[in-house]
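Below: the structure, in structure tokens.
Indexing begins at 1, ligand by ligand and atom by atom, following the structure's order. All values reported here derive from a predicted model rather than from experimental measurement.
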Amino acid sequence: MLTRLTIEELGARFRRGEATPSQAAAAYLERIGALDGRVKAYLTVTRETALGQAAEADARFAAGRPLSPLDGVPVAVKDLLCTRGIRTTCGSRILETFVPPYDATVVARLRAAGAVLLGKLNLDEFAMGSSTEHSAFFPTRNPWDLDRVPGGSSGGSAAAAAADLAAATLGSDTGGSIRQPAAFCGTVGLKPTYGRVSRYGLVAFASSLDQIGPFAKTVADAALVLGVIAGADPRDSTAVDVAVPDYRAALSGGVEGLRVGIPAEYFIEGLDPEVEAAVQAAVAVLRGLGARTEGVSLPHTRYGLPAYYLIAPAEASSNLARYDGVKYGLRAPGGRHLVEMYGRTRAAGFGAEVKRRIMLGAYALSAGYYDAYYGKAQRVRTLVRRDFQQAFERVDVLAAPTTPGVAFRLGEKTDPLQMYLNDILTIPVNLAGLPGVSVPAGFTQAGLPIGLQLIGRPYDEATVLRAAHAYERATTWHQRKPPLP
Ligand code: GLN
């Protein structure tokens with residue numbers, strides 16, 4: 001079955017002439033047709049685009065001239081990434097019919113590498129959430145248990161990767177939105193360093209935190225996708241010009257002598273005992289492979305979540321000011337003058353969680369409260385970053401749970417704070433701008449996936465991926481498949 005193969009295996013078949021990109025695209029489209037009515041990972045399936053791109057890839061392989069390791073590989077992207085000529089909704093009514101006139105840089109790089117676009121994936125509205133239940137259209141289901149959430153906000157991207165509805169996908173991570181759903185769906189999810197991947201064409205949520213990264217069936221596949229999307233971009237000055245290593249090649253070498261820090265503050269009260277046991281077992285596996293593990297302290301961890309819920313909404317409130325019914329997206333009828341048109345449009349176009357964030361952010365930025373809230377949160381952010389800097393003087397990577405619990409039931413978390421707490425172990429990494437990956441590290445008794453989070457120094461994705469790869473080689477969790485046909 002072509003849809004089961006990793007990117008590496010699929011590419012090998014293409015090169016040997018044992019399969020064609022058109023066959024792979026057809027196999028994925030068929031699987032999407034058969035299963036996505038239940039998983040609901042896709043908002044838009046770009047069948048014609050996929051078949052056209054696949055036919056072009058067929059010709060390149062026939063001529064012996066593939067463009068890259070991703071040539072002919074069927075992928076899909078979070079519907080927060082602009083795709084020229086293809087609807088990009090951000091999971092919101094306000095952009096329900098928006099068709100961007102340009103591609104996000106990462107989408108253009110995937111195209112240039114020959115990847116085949118299967119479609120656009122569901123998410124929490126504007127990436128605000130941890131379950132995809134805040135999508136204006138429908139929630140995505142967890143492939144391991146269709147009554148449970150896939151996590152979020154990149155829940156469609158995680159579910160599609162886990163259910164073999166794409167060979168790899170892209171998501172974005174502002175406070176955990178790649179790593180948390182990867183953990184919930186039992187797939188690999190990598191958030192690169194802030195600045196490693198261009199955000200041009202990523203619809204902004206919180207610009208100082210947002211970062212794009214891959215979901216894949218294996219760490220090696222994630223490394224291949226990162227290699228294609230990473231690197232400086234004249235269209236995004238925050239995508240800096242730091243050399244992009246050959247991530248695939250950097251996976252070899254193992255973890256012998258690697259110093260792995262275990263942050264005490266990540267083994268918090270309320271941590272699911274099954275998650276804790278799995279992560280401790282994973283640490284023991286790394287130790288068995290020759291890594292040197294030691295306890296470290298990140299004392300400001302507990303202030304990460306409150307600081308994030310000032311900084312992220314503050315940035316969101318300014319970023320989302322552009323949706324006013326004037327240039328693009330929804331315009332609600334009946335306004336008697338401009339201000340009324342703005343009000344009606346935003347009232348009708350945004351969901352409750354987005355409105356909550358806009359209000360929180362506008363409040364945190366307002367004249368009388370700016371220093372007390374936004375200013376203070378920025379100072380806390382510096383303390384969180386320093387914690388990591390100090391830890392990385394002693395260790396090369398940090399190992400911790402990705403999430404405090406496993407996938408919860410749809411409709412289970414109705415209190416926003418309960419939802420926000422999902423990201424308590426991922427948010428500090430965004431505040432510090434560091435790379436982090438979640439890899440499958442076991443299952444609960446009930447059969448739900450558990451994620452191991454590995455965190456690295458700025459721009460040191462190579463070491464994070466090498467440790468993750470060594471762990472993956474030594475375990476079989478990533479080989480398990482959800483109970484779907
Ligand atoms: N769940 C977090 C939030 O709602 C993080 C979301 C994200 O990373 N995009 O803000």
Side-chain angles (χ1 to χ4, degrees), residues 77-81 90-92 121-136 139-140 149-158 169-185 189-192 194 197 199 202-215 304-317 319-320 350-361 364 377 381 402-405 407-408 413-438 451 453 455:
V77 304
K78 189 176 186 177
D79 205 20
L80 189 70
L81 290 165
C90 299
S92 183
L121 298 160
N122 198 21
L123 68 157
D124 287 294
E125 186 174 4
F126 287 103
M128 297 173 190
S130 306
S131 69
T132 76
E133 292 168 294
H134 298 320
S135 166
T140 297
V149 304
S153 63
S154 313
S157 304
T169 62
L170 293 185
S172 66
D173 189 315
T174 304
S177 278
I178 291 174
R179 291 158 290 155
Q180 184 258 16
F184 278 18
C185 291
L190 170 72
K191 181 200 98 71
Y194 183 83
V197 177
R199 291 178 295 109
L202 168 71
V203 176
F205 163 12
S207 309
S208 77
L209 299 158
D210 299 338
Q211 188 62 198
I212 300 164
F215 291 86
L305 191 81
Y308 172 90
Y309 275 99
L310 292 165
I311 294 168
E315 295 183 17
S317 73
N319 275 327
L320 271 57
F350 290 137
E353 183 60 27
V354 172
K355 287 176 183 160
R356 180 179 297 119
R357 305 284 178 113
I358 291 172
M359 287 188 280
L360 274 172
R381 183 174 189 174
T402 307
T403 52
F408 46 91
K413 299 212 192 280
T414 46
D415 169 13
L417 270 180
Q418 286 300 318
M419 192 69 88
Y420 297 173
L421 281 168
N422 263 287
D423 296 299
I424 196 157
L425 305 178
T426 46
I427 278 174
V429 176
N430 299 79
L431 289 173
L434 304 173
V437 70
S438 181
Q453 182 175 209
I455 304 161

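With Asp173 contributing its side chain and Gly176 its backbone, the two residues share a donor-acceptor pair below 3.5 Å.
Taking every heavy atom of both residues into account, Ala182 and Ala158 meet most closely at N-CB, 4.1 Å.
For ligand 1, the 4.0 Å heavy-atom shell contains residues Ala127, Met128, Gly129, Ser130, Ser153, Asp173, Thr174, Gly175, Gly176, Ser177, Phe205, Tyr308, Tyr309, Arg357, Asp423.
With sequence neighbours left out, Thr169 forms a side chain to side chain donor-acceptor pair (under 3.5 Å) with no residue at all. Residues satisfying the side chain to side chain donor-acceptor pair (under 3.5 Å) criterion with Ser208, sequence neighbours excluded, are Glu315, Arg381. Remark: Thr174 engages Phe205, Ala206, Leu209, Asp210, Tyr308 in a side-chain contact (heavy atoms from CB on, under 4.5 Å) (not counting sequence neighbours).
Ring orientation note: the planes of Phe350 and Phe126 are nearly perpendicular, at an angle over 60° on the 30°/60° scale.
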